[in-house]
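We number each residue from 1, following the sequence as shown.
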Amino acid sequence: SGIDSTYDEYAFVITDFHPSNDGVALQIEFSINGGSSYGLTKMTTSWKAHQVEAGGSTLAYSPDWDRENSTSPAYVTTAEVGNQNTESASGIFSLFTPSNTTYVKQFFGRMNEVMSNPGSVDYFKAGFVDTTSAIDAVQFTPSAGTIDNVVIQMYGVS
């Protein structure tokens with residue numbers, strides 16, 4: 001996947017995530033063996049601000065999408081991205097010092113999405129991968145079904 005010690009930060013620009021199923025999340029997994037296996041332990045937290053088209057808005061901590069000492073995938077979006085042609089998600093997810101072999105690997109993401117409710121969500125995810133091994137691969141998957149469309153570009157940030 002091109003993740004090595006060249007950069008201290010890798011930013012993934014995610015554009016037009018469009019799932020085949022309604023009410024789906026984009027998830028991320030991390031690997032320390034070139035993608036041969038995934039499922040590293042993570043600690044995450046998330047919160048969201050959303051406005052529903054029918055009226056009403058909230059700013060909320062999202063404990064249902066957190067991972068505590070979990071090997072389950074971390075959500076990059078909420079589990080509410082819609083599958084209609086007018087519904088999708090875009091944003092940036094950053095992984096910090098993935099090649100460091102002393103400390104855990106921290107990450108942060110911010111996505112904007114049109115959810116299946118319908119409405120708009122501004123979603124924030126932060127956490128760390130609980131490993132001191134170098135992370136050298138990541139994998140993005142949908143929480144259900146397949147991905148109809150997504151563009152993911154990786155940039156090294158110095």
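- Minimum heavy-atom separation, Pro19 to Asn83: O-CB, 3.2 Å.
- Within 6.0 Å of CD on Glu68 lie no more than 12 heavy atoms contributed by other residues, nucleotides or ligands.
- Scanning both residues, Gln51 and Ser57, for their nearest heavy atoms gives OE1-CB, 3.1 Å.
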Which donor-acceptor pairs under 3.5 Å do the side chains of residues 144-153 make with protein atoms, sequence neighbours left out?
{"residue": "Thr146", "atom": "OG1", "partner": "Ser20", "partner atom": "OG", "Å": "3.1"}
{"residue": "Asn149", "atom": "ND2", "partner": "Asp16", "partner atom": "O", "Å": "3.3"}
{"residue": "Asn149", "atom": "ND2", "partner": "Asp16", "partner atom": "OD2", "Å": "2.6"}

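- Looking only at side-chain heavy atoms (C-beta outward), Phe107 and Val129 come within less than 4.5 Å of each other.
- Residues Met115 and Val81 form no side-chain contact, since every pair of their non-hydrogen atoms from C-beta on lies 4.5 Å or further apart.
- By the criterion of side-chain heavy atoms lying less than 4.5 angstrom apart, applied directly or through intervening Ile, Leu, Val, Met, Phe, Trp or Tyr residues, Ile92 is not grouped with Phe140; the two fall into different hydrophobic clusters.
- Residues Asp22 and Glu87 have side chains in contact (heavy-atom distance under 4.5 Å, counting atoms from C-beta outward).
- Atom OH of Tyr61 is surrounded by more than 12 heavy atoms from other residues, nucleotides or ligands within 6.0 Å.
- Residues Tyr7 and Ser158 are in side-chain contact: their nearest non-hydrogen atoms beyond the backbone lie under 4.5 Å apart.
- Heavy atoms only, all atoms of each residue included: Asp136 and Gly34 are closest at OD1-N, 2.8 Å.
- Phe93 and Leu40 fall within a single hydrophobic cluster, where Ile, Leu, Val, Met, Phe, Trp and Tyr are joined by side-chain heavy atoms under 4.5 Å apart, directly or via other members.
- The aromatic rings of Phe124 and Phe108 sit tilted, their planes meeting at an angle between 30° and 60°.
- For Glu29 (side chain) and Gly39 (main-chain N/O), a donor-acceptor pair under 3.5 Å exists by modelled atom type.
- For the pair Lys48 and Glu113, the salt-bridge criterion is not met [side-chain N within less than 4.0 Å of a carboxylate O].
- Using a distance-only test at 3.5 Å, with no hydrogens or angles considered, no donor-acceptor pair links the side chain of Asn21 to the main chain of Val24.
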Applying side-chain contact (heavy atoms from CB on, under 4.5 Å) to Ser90 and Asn112, what does each step give before you reach the verdict? CA-CA 6 Å; Ser90 297; Asn112 188 276; over 6 Å; no
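- Side chains of Thr102 and Thr132 form no contact here, defined as non-hydrogen atoms less than 4.5 Å apart.
- Counting all heavy atoms, side chain and backbone alike, Tyr103 lies closest to Asn100 at N-OD1, 2.8 Å.
- Side-chain contact, Thr58 with His50: a donor N or O sits under 3.5 Å from an acceptor N or O.
- Placement of Tyr123 and Val114 in two distinct hydrophobic clusters is found when ILVMFWY residues are connected by side-chain heavy-atom separations under 4.5 Å, directly or transitively.
- When side chains are defined from C-beta on, Tyr75 counts as touching Lys125, because their heavy atoms get closer than 4.5 Å.
- Residues Val157 and Phe96 form no side-chain contact, since every pair of their non-hydrogen atoms from C-beta on lies 4.5 Å or further apart.
- The two atoms that bring Met154 and Ile3 nearest to each other are SD-CG1, 3.7 Å, heavy atoms only.
- Judged by distance alone, the side chain of Ser99 and the main-chain N or O of Ser5 form a donor-acceptor pair under 3.5 Å.
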Given side-chain contact (heavy atoms from CB on, under 4.5 Å), test Leu26 with Ile14 step by step and report yes or no. CA-CA 10 Å; Leu26 182 63; Ile14 301 160; 3.9 Å; yes
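- Residues passing the side chain to side chain donor-acceptor pair (under 3.5 Å) test with Thr141, sequence neighbours excluded: Gln27.
- A donor-acceptor pair under 3.5 Å is absent between the side-chain atoms of Thr41 and the main chain of Thr71, judged by distance alone.
- Note: the hydrophobic cluster containing Val76 does not contain Trp47 (ILVMFWY, side chain heavy atoms under 4.5 Å, direct or indirect links).
- Considering all non-hydrogen atoms of both residues, Met43 and Asn69 come closest at SD-N, 3.0 Å.
- Residues Ser94 and Glu9 have side chains that bring a donor and an acceptor to within less than 3.5 angstrom of each other.
- Note on Asp130 versus Lys42: no salt bridge recorded, every NZ/NE/NH1/NH2 to OD/OE distance being 4.0 Å or above.
- For the residue pair Tyr38 / Asn33, no side-chain donor-acceptor distance below 3.5 Å is found, with atom types taken as modelled.
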